[in-house]
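These notes concern the structure reproduced below.
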There are 2 protein chains.
Amino acid sequence: MIKTYRDIKADVLDKITGGTWPPGEMLPNEADLAEDYGCARATVNRALRELAEEGLLERKRKSGTRVRAAPQRQARFDIPLTRREVEEAGAQYRYALVMQQVVQAPEWLRARMSLSKTARVLEVIAMHYADGAPFQHEARWINLEALPQAEEQDFSQRGANEWLVETVPFSDVELAFSAAGADAGLSHHLGCEAGAALFRMERSTWFEERAITFVRLSYRPGHRMTARY
Amino acid sequence: MIKTYRDIKADVLDKITGGTWPPGEMLPNEADLAEDYGCARATVNRALRELAEEGLLERKRKSGTRVRAAPQRQARFDIPLTRREVEEAGAQYRYALVMQQVVQAPEWLRARMSLSKTARVLEVIAMHYADGAPFQHEARWINLEALPQAEEQDFSQRGANEWLVETVPFSDVELAFSAAGADAGLSHHLGCEAGAALFRMERSTWFEERAITFVRLSYRPGHRMTARY
DNA sequence: TAGGACAATTTGTCCAAACATATTGAAAAA
DNA sequence: TTTTTCAATATGTTTGGACAAATTGTCCTA
């Protein structure tokens, strides 16, 4: 017997995948469905609302609910904290600072972070290891106008990311994935050949419209990032 | 005056980002919050439930609600349909079939798709162009045991993906992102140098526990995939 | 015929109350 | 002291009812 909103979700999903309600099909309205299922309209509403959020249904007032013609589903995945990523793979994590210095922000960085011409940034280069082998190269720039206290920090023991997560825990993030060939520095640190194809993740972080940090993470060759949906 | 669950969400979010409720902090229980906000508990419940889903709060029966210590936020992004991806960038889309043939599934593919030793698959190689320039190389294998009618299909005009979306609209998907160097075939089709770093997306599709298709999409050099959260 | 006012419909949200369920912590028993 | 039992508590879900908001289609009018 159907009772919970989960049961209803599952049943509707079955009807969709089973072909009872093909793409483009209109569903009965909430009131009718509630009667069919023998439950309150709010229960049906929650089931349908969640299916719509997951991209399977399309809902509009007055016109009703229909199965999406082109099921625009979306992948969700957790943003990996490098330490956890390594440890969850069952490997020993190690961090090492390569370099830390204050510099004038170069032009390309000013563009990405919307910085002024004279902006100073803290540049931090570091490596992350899994079981002693190079795992990820981190190149980071921190906006010293937004976070002046970063200049006093010592990132030789603890990664900049962990400090930032504590200091500016909630922020807006823009992510980009791409691929890039290893240059001389990267190939040296990652222990791979120059030109090797590396998976790369770039992340810009903002807090209250101000750029906090930009980080470019280059993974060792062969790294894969997976998601399900 | 606070009234809607959205207002409550916004207010709670402000209290979190503003430091009133720092990471790890316990929130008052729903009943108390409902009284504070002058609304029903169900309204507070919805606000907090959604914030928890978004990864900002942690909720447990009896113990209550707390701000996540390490805000495990997740990125969501839409799965790109190549045609739309190109057209939304304002470019002219063009598709071209390179090759289509039935083959015995090689060992590595059998492993990925859980196929039997004698499984036959339809191999489809195609190219996607944006404004006449190579945009993406598609290498796809379709399980003919699950979809025998694929063998009769002609993918010279319409991409295999569009046919599959119509034929098996709802399926489970496993995604993987990585980087790979262009081999001879890829560099030829994409018009880039051999060894160039390419962003790659691999997708396995399942329907009712049966492998439908595996596709490997290799983007032209320099491609970026972005998300916000 | 074209445009505007309006009523009907459907989803969206809220409420107050009740019961369900997981979990904790304390009391009771071994 | 350790284990078991049990009640208290906070979130999870459902109900039936109500009103809000968006949108559609119709009818009326110019």
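For clarity, every value in this text was computed on a predicted model and none was experimentally measured. So that the names make sense, note that chain A is the first sequence line, chain B the second, and so on, each numbered from 1.
In summary, contact between chain B and DNA chain D, defined as any nucleotide atom under 4.0 Å from a heavy atom of the protein, begins and ends at D:dA8 to D:dT13 in the 5' to 3' direction.
With sequence neighbours left out, A:Ala75 forms a side chain to side chain contact (heavy atoms under 4.5 Å, CB included) with A:Tyr229, B:Ile79, B:Leu175. Scanning for side chain to side chain contact (heavy atoms under 4.5 Å, CB included) contacts around A:Glu145 gives A:Ser116, A:Ala119, A:Asn143, A:Arg210, with sequence neighbours left out. Evaluation of the side chain to side chain donor-acceptor pair (under 3.5 Å) rule for B:Arg66 yields no partner, not counting sequence neighbours. Take B:Tyr129 and apply the side chain to side chain donor-acceptor pair (under 3.5 Å) test, not counting sequence neighbours, and it matches no residue. Partners of B:Arg46 under the side chain to side chain donor-acceptor pair (under 3.5 Å) rule, at least two apart in sequence or in another chain, are B:Tyr5, B:Glu50. Taking the side chain to side chain donor-acceptor pair (under 3.5 Å) definition, one finds that A:Thr43 meets it with nothing, sequence neighbours left out.
When each of A:Ala42 and B:Leu48 is assigned the nucleotide of DNA chain D bearing its nearest heavy atom, the one mapping closer to the 5' terminus is B:Leu48. For the pair A:Ala40 and B:Thr65, both in contact range of DNA chain D, the more 5′-proximal nearest nucleotide belongs to B:Thr65.
A salt bridge links B:Glu166 with B:Arg158; the closest basic N to acidic carboxylate O contact falls under 4.0 Å. A salt bridge does not link B:Glu54 with B:Arg68: every distance from a Lys NZ or Arg NE/NH1/NH2 to an Asp or Glu carboxylate oxygen is 4.0 Å or more.
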Quiz item: Which letters describe nucleotides 23-28 of chain C, given B = protein heavy atom under 4.0 Å from base, S = only from sugar-phosphate, - = neither?
Solution: BB----
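Taking atom CD on B:Glu50 and atom C1' on C:dG12, their separation rounds to 12 Å, with Å as the unit. As rounded to whole Å, 15 Å separates atom P of C:dA16 from atom CG of B:Asn45. Look at OH on A:Tyr5: it is 14 Å from C1' on C:dA20, rounded to the nearest Å. Separating the CD atom of A:Glu53 from the P atom of C:dT11 is a distance of 16 Å, rounded to the nearest angstrom.
Residues from residues 20-32 of chain B with heavy atoms under 4.0 angstrom of DNA chain D, sorted by number: B:Asn29, B:Glu30.
Note on ring orientation: taking the six-membered ring where Trp is involved, the planes of B:Trp141 and B:Trp108 are perpendicular (angle over 60°, cut-offs 30° and 60°).
Looking at heavy-atom distances under 4.0 Å, B:Arg46 makes contact with sugar-phosphate atoms alone, never a base.
Note on the helix from C:dT1-D:dA30 to C:dA30-D:dT1: angle between the axes of the first and last five pairs equals 10°, rounded to 10 degrees.
Within 6.0 Å of CD on A:Gln149 lie more than 12 heavy atoms contributed by other residues, nucleotides or ligands.
Distance alone, capped at 3.5 Å, places no donor-acceptor pair between the B:Arg200 side chain and the B:Ala179 backbone.
Listed by first and then second residue, the salt bridge (Lys or Arg N to Asp or Glu O under 4.0 Å) pairs involving residues 34-45 of chain B are B:Glu30-B:Arg41 (not counting sequence neighbours). Counting only residues at least two apart or in different chains, salt bridge (Lys or Arg N to Asp or Glu O under 4.0 Å) contacts with residues 125-138 of chain A comprise A:Glu138-A:Arg140.
OP1 or OP2 of C:dG12 has at least one side-chain nitrogen or oxygen of A:Arg59 nearer than 4.0 Å.
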